[in-house]
Amino acid sequence: MSGGAAVRRPLVAANWKMHLLAAEARAWCRRVRAESGGARAGAAVFPSFPLLPVVASELAGGAVETGGQDLHPEDKGAFTGDVSAAQLADAGCVWALCGHSERRHGHGEGDELVARKAAAAVRHGLRPLLCVGETRDERRGAATEEVLARQLRAALPHLPADWALAYEPVWAIGTGDTATPETAQAAHAYLRGLLAGEARRTPILYGGSVTPENAAALAAQPDVDGFLVGGASLDPGQFLAIIRSFD
Ligand code: 13P
């Protein structure tokens, strides 16, 4: 079930994770801003929090969007080390990653907390980019669909009209073990099938060892509406090549 990929504008997002310093971020933004115009896919970047001012200033008034990699579910308070949705919005973000597997598995964040983070993002006008994905053991145990359904359904009541979903199989992240186009398509079609009405138009991005070499075959799948790119996004040339895979 494609749901009409042609009507959904692709989105290619860079998740820098805990990489880059200000000078590198500035150079990246200048190049991607200058060279991504005219591409069919839109572009977004998720920098570490200290890089947000430099990224926001370099990308101001342009088409490349910015997002936070995580946020706290409360609006403010005594939460040392955390960042609020209001602070992300104030720093120029329009997106907030919710439920990245490195938060779910590295920081023990469960579905209920991820849903509260998505709700906080929405309260402050940010668009949640909800990440879901199964571990290798869950895939081996034929639990992929059950995991994806559980992770998606927990957040769904809190999502606005304008959000995006990323399918990031944990076994494919940072491993070089990219999902085949068929595996990604099957998961994306399953996820789209769980969405009702207007939500079926929600862009579903694929993440997990995307490179300029494998992007075109993935982008050709009817339910793959973009990418969430980690390692390869750090190099602006590679990121631009991945954006162009949708042209
Ligand atoms: P890699 O592209 O490095 O596998 O990371 C994917 C990811 O986690 C993006 O959020």
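When a ligand or atom number is given, it counts from 1 through the structure's own listing order.
Near Gly208, meaning under 4.0 Å from one of its heavy atoms, ligand 1 places the atoms 4 (O), 6 (C). The distance from ligand 1 to the heavy atoms of Ser209 drops below 4.0 Å at these ligand atoms: 1 (P), 2 (O), 4 (O). For ligand 1, the atoms closer than 4.0 angstrom to any heavy atom of His100 are 7 (C), 8 (O), 9 (C), 10 (O). Taking a cut-off of under 4.0 Å to the non-hydrogen atoms of Gly231, the atoms of ligand 1 that pass are 1 (P), 2 (O), 3 (O). Remark: ligand 1 atoms within the under-4.0 Å shell around heavy atoms of Gly230 are 1 (P), 2 (O), 3 (O), 5 (O), 6 (C), 9 (C). Proximity to Ile173 (heavy-atom distance under 4.0 Å) selects the following atoms of ligand 1: 4 (O), 5 (O), 6 (C), 8 (O).
Each of Leu228 and Tyr167 belongs to its own hydrophobic cluster when Ile, Leu, Val, Met, Phe, Trp and Tyr are linked at side-chain heavy-atom distances under 4.5 angstrom.
Using a cutoff of 4.0 Å between basic side-chain nitrogens and carboxylate oxygens, Asp111 and Arg153 are not scored as salt-bridged.
You'll find the side chain of Val45 stays beyond 4.5 Å of the side chain of Phe239, heavy atoms only. Between Ser233 and Trp16, the closest side-chain pair of non-hydrogen atoms falls below 4.5 Å. The closest side-chain heavy-atom distance from Cys29 to Val64 is not below 4.5 Å.
Where the criterion is an N or O separation shorter than 3.5 Å, residue side chain and backbone included, Thr175 fails it with respect to ligand 1. In terms of polar-atom proximity, Leu228 is not counted as a contact of ligand 1, lacking any N or O under 3.5 Å from an N or O of the ligand.
When non-hydrogen atoms are compared, ligand 1 lies under 4.0 Å from the backbone of Ala172 (N, CA, C, O) but not from its side chain.
Ser101 does not count as a contact of ligand 1, since none of its heavy atoms falls under 4.0 Å from the ligand. Not a single heavy atom of Ala232 lies less than 4.0 angstrom from ligand 1.
The protein atom (non-hydrogen) at minimum distance from atom 9 (C) of ligand 1 is Glu168 OE2, 2.8 Å. Scanning all protein heavy atoms for the shortest distance to atom 5 (O) of ligand 1 gives Lys17 NZ, 3.1 Å.
A distance-only check finds no donor-acceptor pair linking the side chain of Gln238 to the backbone of Pro212 [under 3.5 Å].
Residue Glu168 holds its CD atom at 7.0 Å from CG of Asn15, rounded to the nearest 0.5 Å.
Note on ring orientation: taking the six-membered ring where Trp is involved, the planes of Tyr206 and His188 are tilted (angle from 30° to 60°).
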